[in-house]
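Comments concern the structure below.
Numbered from 1 within each chain, the chains take letters A, B, ... in sequence-line order.
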Amino acid sequence: MRNKIVLIDGHSILNRAFYGLPDLTNADGLHTNAVYGFLTILFKILEEEQPQYLTVAFDVHAPTFRHEMYAEYKGTRKPMAEELRQQVPVIKEVLQAMGIKTVECAGLEADDLIGTLSKRCEESGMDVSVISGDRDLLQLATEHVKIRIPKTKQGRTEVEDYYADDVKARYQVTPTEFIDLKALMGDTADNIPGVPSIGEKTATKIITEYHSIEAAYEHVEELKPPRASKALLEHWDLAVMSKELATIHVNAEFPFEIEEALLGNIYTEEAYAYFQKLQFKNLLARFDVTAPANKVEDYFRVVTEKEEAERIFAEGEHASCIGACIFQDTKDVLPLFAKDAGIGGIGLCFGDEEIYAIFAGGDIEAKWLLKQLGLLAERTERFAMFDLKRVLKDLELIYQDHCFDLTVAAYLLNPLKNDYSYEDVAREQLNLMIEDKLEEESKICYEAYTAYKGSEVLWEKLKESGMAELFTEIEMPLVFTLYDMEQNGVRVEADALKAYGERLGVQIAALEQEIYKEAGEVFNINSPKQLGVVLFENLKLPGGKKTKTGYSTAADVLEKLAPDYPVVAKVLEYRQYAKLKSTYADGLAGYIQEDGRIHGKFNQTITATGRISSTEPNLQNIPVRMELGRMIRKVFIPEDGYEFVDADYSQIELRVLAHCSGDSHLIAAYKEESDIHRITASQVFHVPFDEVTDQQRRNAKAVNFGIVYGISSFGLSQDLSITRKEAAQYIEDYFKTYPGIKVFLDDAVRHAKEKGYVTTLFGRRRPVPELASSNFMQRSFGERVAMNAPIQGTAADIMKIAMLGVNRRLKEQRMKSRLVLQVHDELLIEAYQPEIEEVKKILKEEMEQAADLKVPLEIDMHTGANWYEAK
DNA sequence: ATTGTCACG
DNA sequence: ACGTACGTGACAATC
């Protein structure tokens, strides 16, 4: 059995990984995609090859000497991207932590190091695998030296393997001849010029015939295409230089002890710490020893006897912190009406050594378990669970003050994540890796333990980052408010909805036929791909390409064509109807439950800014702007004896901006006049208030919106259909009128660049990693985010405070009226008729007093027999 | 699973 | 020169 060594071309693989993967950053804003990709490839290779030895070679400086020759010759060379450059030292440190030998030597390229090592190792009887993204290395291939070139195809990495024979099969030349081939055809990727006008075809022909450029030059007159003959004569110096550039030195002198390359255990604690810091969760799973000092599992207890369960509950009464979870019975799904239906048991933890999975069954009734858990929750100083809103259905919680939802806490600490599972919290906050394949009881114990232990860590971090009050005073109580809202649901008239859908169906069918007729063919109008072909190829309409997959058929494109082409107008109309029918008429109907109501979900841990999101179905995007769509709101109705009261904030975001910026002119504007867009127009365009034209008001409104979104002249020009220059002028005039706004927005960006995040008035944070990017686009995005997030986020905070106040008063006063929907700046209450006046009073007071700003908060309020009327 | 489109604030 | 407004979710088609 021959020993095997793997030699990796460090910069080449890092480079491949960098350009093959989307940009990733860890919590510190450090770019990590190249390091991640490198390690992925490394692990894959190690698994496949099972080598005894491994070495990674780096250039001392990239680019190095040999390439500088040509760089000088050519005078151009792009510097390495900053995001990649900063990852080079990181991968070296990580490799060192894994005990992997790295080699670099001043004056020698990685190629030369690899070439030399490959030769030495082969001569000492080893098999060699060279890993590089660079085909130049193919010249090193022999019977025992395999060149492996990883390729990223649709996210997966595939590897092309070349022994000497494979090079011959692929390029028709031997590895040695490959150098001469490169010398002729050049390689732009590696900055080898080659001979002008000789490409792969001609070069291959010449080298297969003469085997080297020198031999070819001796017969230069006979070379086949006369063009090549001429080119080689003229540019012989280039060919020689290219050959020199392309040749890898295999007899370089540098210190290297093979025993240093011997592979040991690469899954060291040090490496684990690095992976942790870099947030490579998938890769962490490879470390089978988790935290040796932290043998949590030794204290797991499975409980099935009632006496033991009773003893545990009694013991838990004195605990200052309880971590818990409730798990569903996996065996069968029981009817919905039983309150404890489908509960398989609970997980409970109230100390490092008190971790239990208590199963329902036998003497232990699920109902009893939940009752006991509820009692514990009342007594303890902190009751910690994940996703509390989800379990409130099963667990009646009486006190909410000391409840701790780890999902919400983790969200506040980093609102950019996609999910907040207990596995994530265990890993990130407790350095605890939880394996994928665990028995159910282990999972339960881990979740309870993580809730117990993690709540402490998260709480400390919330305090450190100034979000403790936001958490206890707003987010935690809001869990219960959102739960109430979900339970309340909103009544929807199924019959009317069905009739509406059927009306749309008729219209859609008619339009469909007309479109087919005018297009001269039958096709799927819903397919952007097919529609694009029909419109822009078959019908030859002007205004071609846009997206990478084909023609854009988006509304703004089609609207430009609609006046001239009736088909296009019909397509737009069809689209509108189809959207209304599929998403709203048919879509909503599927969510109406037996009580005649839709109980959608309101999610608290989704958005980057702190807003609530709505799903299953989304009740925050019910049509309102177009009359036809708006009619859908007529099917949203209150119960008999009730009426809807709808209240929405008037320009809350602009008012927040006025307050946060402290701009005296904007504040004054709000104090004296309610039509803010008109007064903005008057002040920016220097015309008397009463003489502001509709156009001026529209423009001012667009600028106001733009400011809130993180203004850019391009965006504004797009919105107003004006030139960028004009848009830039508007913005300049605006900032001249309200200088405080400019200072505020600039400060937001500066703060974000410095700290890496921005905050709302109530301390909510939003990280802005994009600002560290060297990519103009990404950085610009980061700047807009830094300007928008504090405004949108503060408005979201205020609305949350208002919701808490409204819901609290409705419940305190034992009213029948209930909160049913929140749409960012709007609340909908299903008000019991005798209570309507009180409800209006509560809404007005709680919403307008939710925050004390330098400008008044105002609301518009309406009542109605359905949502259409109340809005 | 991703893309294009479109509904909302 | 780069190519955009901020924040969401659902549906249908296509991969």
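Proximity of a side-chain donor or acceptor of A:Asn618 to a complementary backbone N or O of A:Gln620 within less than 3.5 Å is detected. Remark: side-chain polar atoms of A:Lys389 are paired, donor with acceptor, to backbone N or O of A:Phe602 under 3.5 angstrom. Between the side chain of A:Arg765 and the backbone N or O of A:Leu412, no donor-acceptor pair lies under 3.5 Å.
Picking from C:dT14, C:dG9, B:dA7 the nucleotide with the shortest atom distance to the side chain of A:Asn618 gives C:dG9. Nearest to the side chain of A:Gln792, among C:dA12, C:dC6, C:dT14, sits C:dC6. Side chain of A:Phe776, nearest nucleotide from B:dT5, C:dG3, C:dC6: C:dG3. Checked against B:dG9, C:dA12, C:dT8, the side chain of A:Ile606 finds its nearest nucleotide in C:dT8. The side chain of A:Ser582 lies closest to C:dC11, out of C:dT8, B:dG9, C:dC11. Here B:dC6 is the nucleotide among C:dT14, B:dG9, B:dC6 with the atom lying nearest to any side-chain atom of A:Ala554. When distances run from any side-chain atom of A:Ala608 to the nucleotides C:dT8, C:dC6, B:dT5, the shortest one goes to C:dT8. For A:Gln576, the listed nucleotide lying nearest its side chain is B:dA7; candidates were B:dA7, C:dG9, C:dC11.
Following rounding to the nearest Å, A:Gln620 (CD) and C:dG7 (P) show an atom-to-atom distance of 16 Å. Spacing between atom CE of A:Met631 and atom P of B:dC8 amounts to 14 Å, rounded to whole angstrom units. Distance A:Leu827 CG to B:dG9 P: 14 Å, rounded to the nearest Å. Whole-Å rounding puts the A:Met777 CE to C:dC2 P distance at 12 Å. At whole-Å resolution of the value, OH in A:Tyr411 and C1' in C:dT8 are 11 Å apart. For the pair A:Asp556 CG and B:dG4 C1', the interatomic distance rounds to 12 Å; values are reported in whole Å. To the nearest angstrom, C1' of B:dA7 lies 16 Å from CD of A:Glu627. For the pair A:Gln822 CD and C:dG7 P, the computed distance is 18 Å after rounding to whole Å.
Within the 4.0 angstrom heavy-atom criterion, base atoms lie near A:Asn621. Residue contacts for A:Ala796: at a heavy-atom cut-off of 4.0 Å it reaches no nucleic acid atom on any strand shown. In this structure, A:Arg724 reaches the bases: a heavy-atom distance under 4.0 Å links it to at least one base atom across the strands shown. Contact annotation for A:Ala578: no contact, since no heavy-atom pair falls under 4.0 Å across all strands. Within 4.0 Å (heavy atoms only), A:Glu616 reaches sugar-phosphate atoms of the nucleic acid but no base atom. Note on A:Phe781: only backbone sugar-phosphate atoms sit closer than 4.0 angstrom, heavy atoms only; bases stay farther off. The residue A:Ser712 sits close to a base: some heavy atom pair falls under 4.0 Å. Residue contacts shown for A:Val708 are absent, as no nucleic acid heavy atom lies under 4.0 Å away. Within 4.0 Å of A:Asp719, counting heavy atoms only, lies at least one base atom of the nucleic acid. Counting any heavy atom pair closer than 4.0 Å across all strands shown, A:Ala702 reaches a base atom. Among the atoms of the strands shown, only primed sugar atoms or phosphate atoms (P, OP1, OP2) are found under 4.0 Å from some heavy atom of A:Ile622. Within 4.0 Å (heavy atoms only), A:Glu653 reaches no atom of the nucleic acid at all.
An OP1 or OP2 oxygen of C:dA12 is reached within less than 4.0 angstrom by no side-chain nitrogen or oxygen of A:Lys579. Within the structure, every side-chain polar atom (N or O) of A:Arg784 is placed at least 4.0 Å from both OP1 and OP2 of C:dT4. The phosphate of C:dG3 has neither OP1 nor OP2 within less than 4.0 Å of any side-chain N or O from A:Gln778. Using a 4.0 Å cut-off, no side-chain N or O of A:Ser527 falls inside it from OP1 or OP2 of C:dA12. The phosphate of C:dA13 (OP1 or OP2) has a side-chain N or O of A:Asn524 nearer than 4.0 angstrom. In this model, the phosphate group of C:dG7 is approached by a side-chain N or O of A:Arg766 to a distance below 4.0 Å at OP1 or OP2. Considering only side-chain N and O atoms, A:Ser614 lies nowhere under 4.0 angstrom from the phosphate OP1 or OP2 of C:dG9.
Rounded to the nearest Å, the gap between the C1' atom of C:dA5 and that of B:dT2 is 24 Å. For the C1' atom pair drawn from B:dC6 and C:dC2, the interatomic distance equals 28 Å after rounding to whole Å. Atom C1' of B:dA7 sits at a distance of 25 Å from the matching atom of C:dG3, rounded to the whole Å.
Ring pair A:Phe685/A:Tyr730: centre-to-centre distance below 6.0 Å.
Annotation: cation-pi geometry satisfied between A:Lys634 and A:Tyr868 (NZ/CZ under 6.0 angstrom from ring centroid, within 45° of ring axis).
Nucleotide C:dC2: unpaired (no Watson-Crick or G-U wobble partner with both distances less than 3.5 Å).
Listed here is the closest heavy atom pair of A:His31 and A:Gln86: N-OE1, 3.0 Å.
A:Arg625 contributes a side-chain N or O that forms a donor-acceptor pair with the base of B:dG9 under 3.5 Å.
Within a 6.0 Å radius of CZ in A:Phe705, no more than 12 heavy atoms belonging to other residues, nucleotides or ligands are found. Within a 6.0 Å radius of NZ in A:Lys417, other residues, nucleotides and ligands contribute more than 12 heavy atoms.
Between A:Arg750 and A:Asp747 there is a salt bridge, since a side-chain N of the basic residue sits under 4.0 Å from a carboxylate O of the acidic one.
A residue-by-residue look at A:Asn526 and A:Pro415 shows that A:Pro415 has its nearest nucleotide of DNA chain C further toward the 5' end.
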